[in-house]
Amino acid sequence: MSPKKSGHKMLPKSVRLTKEEAELLRQISEAELISKAALMRKFVLEGLWHYRLDQAIKRYQEGELDLSSAAQVAGLAIREFMGELHRRGEPRGVSLSRLDMRAVAGMRKG
């Protein structure tokens with residue numbers, strides 16, 4: 001759902017780019033048939049999503065969050081979060097002994 005449809009107010013933000021970065025943005029914009037503003041918004045949202053995921057994984061690895069809480073912070077279902085851990089080669093792995101009952105219940109739902 002777009003922010004406009006969900007009632008969220010859109011706030012303008014600006015960014016400074018080098019000439020080379022601006023040119024690359026223009027080229028991608030033309031290739032993807034999307035405005036530069038929409039493309040920048042897409043890149044920012046993707047970056048924010050990756051940041052949240054990275055932070056959730058870090059906090060999970062440090063033992064600050066359990067699996068269920070880390071998945072929630074990342075905005076993912078537990079299975080998706082486990083898949084991301086696997087893709088990233090999570091050294092501690094995820095075993096059933098580490099899953100709490102909420103996580104197991106969440107997996108059954110998802």
Side-chain angles (χ1 to χ4, degrees):
M1 180 180 295
S2 76
K4 291 178 183 177
K5 291 180 183 174
S6 64
H8 294 287
K9 182 179 178 180
M10 301 291 285
L11 302 174
K13 298 294 175 187
S14 63
V15 62
R16 295 185 185 275
L17 301 174
T18 65
K19 287 181 182 181
E20 293 81 13
E21 293 164 342
E23 175 59 20
L24 181 56
L25 184 67
R26 184 195 64 75
Q27 290 172 6
I28 296 170
S29 171
E30 287 179 4
E32 298 293 323
L33 302 175
I34 185 173
S35 72
K36 288 180 280 191
L39 185 60
M40 287 191 298
R41 177 173 164 69
K42 176 182 184 260
F43 288 158
V44 167
L45 293 176
E46 287 174 359
L48 291 171
W49 183 85
H50 283 287
Y51 179 82
R52 281 181 59 187
L53 178 60
D54 291 344
Q55 290 300 304
I57 289 172
K58 178 183 174 193
R59 292 173 67 191
Y60 172 75
Q61 289 172 329
E62 293 173 350
E64 184 182 332
L65 296 174
D66 63 22
L67 184 69
S68 177
S69 298
Q72 186 174 12
V73 166
L76 297 174
I78 293 169
R79 286 185 189 192
E80 293 171 318
F81 188 74
M82 288 174 66
E84 191 60 39
L85 290 172
H86 178 72
R87 279 187 289 285
R88 292 178 180 220
E90 160 59 36
R92 293 186 343 189
V94 178
S95 66
L96 289 178
S97 63
R98 292 193 58 216
L99 296 177
D100 63 20
M101 293 310 291
R102 288 175 297 165
V104 171
M107 287 176 61
R108 288 186 185 135
K109 291 179 189 174

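Basis for what follows: all heavy atoms, side chains included, without hydrogens, waters or symmetry-related copies. What you see is a predicted model; the values in this text were computed from it and never measured.
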- Query: Is Glu23 salt-bridged to Lys19, cutoff N-O under 4.0 Å?
  - Reply: no
- Task: Indicate yes or no: at least one non-hydrogen side-chain atom of Arg41 is less than 4.5 angstrom from one of Met10.
- Result: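 Yes - at least one pair of side-chain heavy atoms lies under 4.5 Å apart.
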- Message: Just verifying a value: how many Å separate Ser35 OG and Lys42 NZ, rounded to the nearest 0.5 Å?
- Response: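 Going from the OG atom of Ser35 to the NZ atom of Lys42 covers 12.0 Å.
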- Task: Kindly compute the distance separating CG (Leu48) from CZ (Phe43), expressed to the nearest 0.5 Å.
- Result: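 Leu48 atom CG to Phe43 atom CZ measures 13.5 Å (nearest 0.5 Å).
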- What pair of heavy atoms forms the shortest contact from Ala74 to Leu53, and how long is it? CB-CD1, 3.8 Å
- Message: I need the Ile78 CD1 to Leu85 CG distance, nearest 0.5 Å.
- Response: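 The distance works out to 11.5 Å.
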- Task: To the nearest 0.5 angstrom, please state how far the CD atom of Glu46 sits from the NE2 atom of His50.
- Result: 6.0 Å
- Message: For a quick test of reading the model, state the closest non-hydrogen atom pair linking Phe81 to Leu67 and the distance between them.
- Response: CD2-CD1, 3.6 Å
- Query: Shortest non-hydrogen contact from Ala56 to Val73?
  - Reply: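 So the minimum-distance heavy-atom pair works out to CB-CG1, 3.9 Å.
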- Within-4.5 Å side-chain heavy-atom neighbours: Glu21 and Val15: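 In short, these two side chains do not touch, never coming nearer than 4.5 Å.
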- Item | From CD (Glu80) to CZ (Arg87), nearest 0.5 Å |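 Glu80 CD to Arg87 CZ: 8.5 Å, rounded to 0.5 Å.
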- Taking all non-hydrogen atoms of both residues into account, name the closest pair between Ala38 and Ile34 and its distance.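 In terms of heavy atoms, the two residues are closest at CB-CG1, 3.5 Å.
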- Should the heavy atoms of other residues, nucleotides or ligands under 6.0 Å from CD of Glu84 be counted, would the total exceed 12?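 Counting neighbours around CD of Glu84, more than 12 heavy atoms of other residues, nucleotides or ligands fall under 6.0 Å, so yes.
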- Residues Ala70 and Leu65: closest non-hydrogen pair is CA-CD1, 3.8 Å
- Message: Within this structure, what is the CG-CD distance for the pair Leu39 and Gln27, rounded to the nearest 0.5 Å?
- Response: 12.0 Å
- Message: Tell me whether Val44 shares a hydrophobic cluster with Leu24, the cluster being built from Ile, Leu, Val, Met, Phe, Trp, Tyr side chains joined at under 4.5 Å.
- Response: no
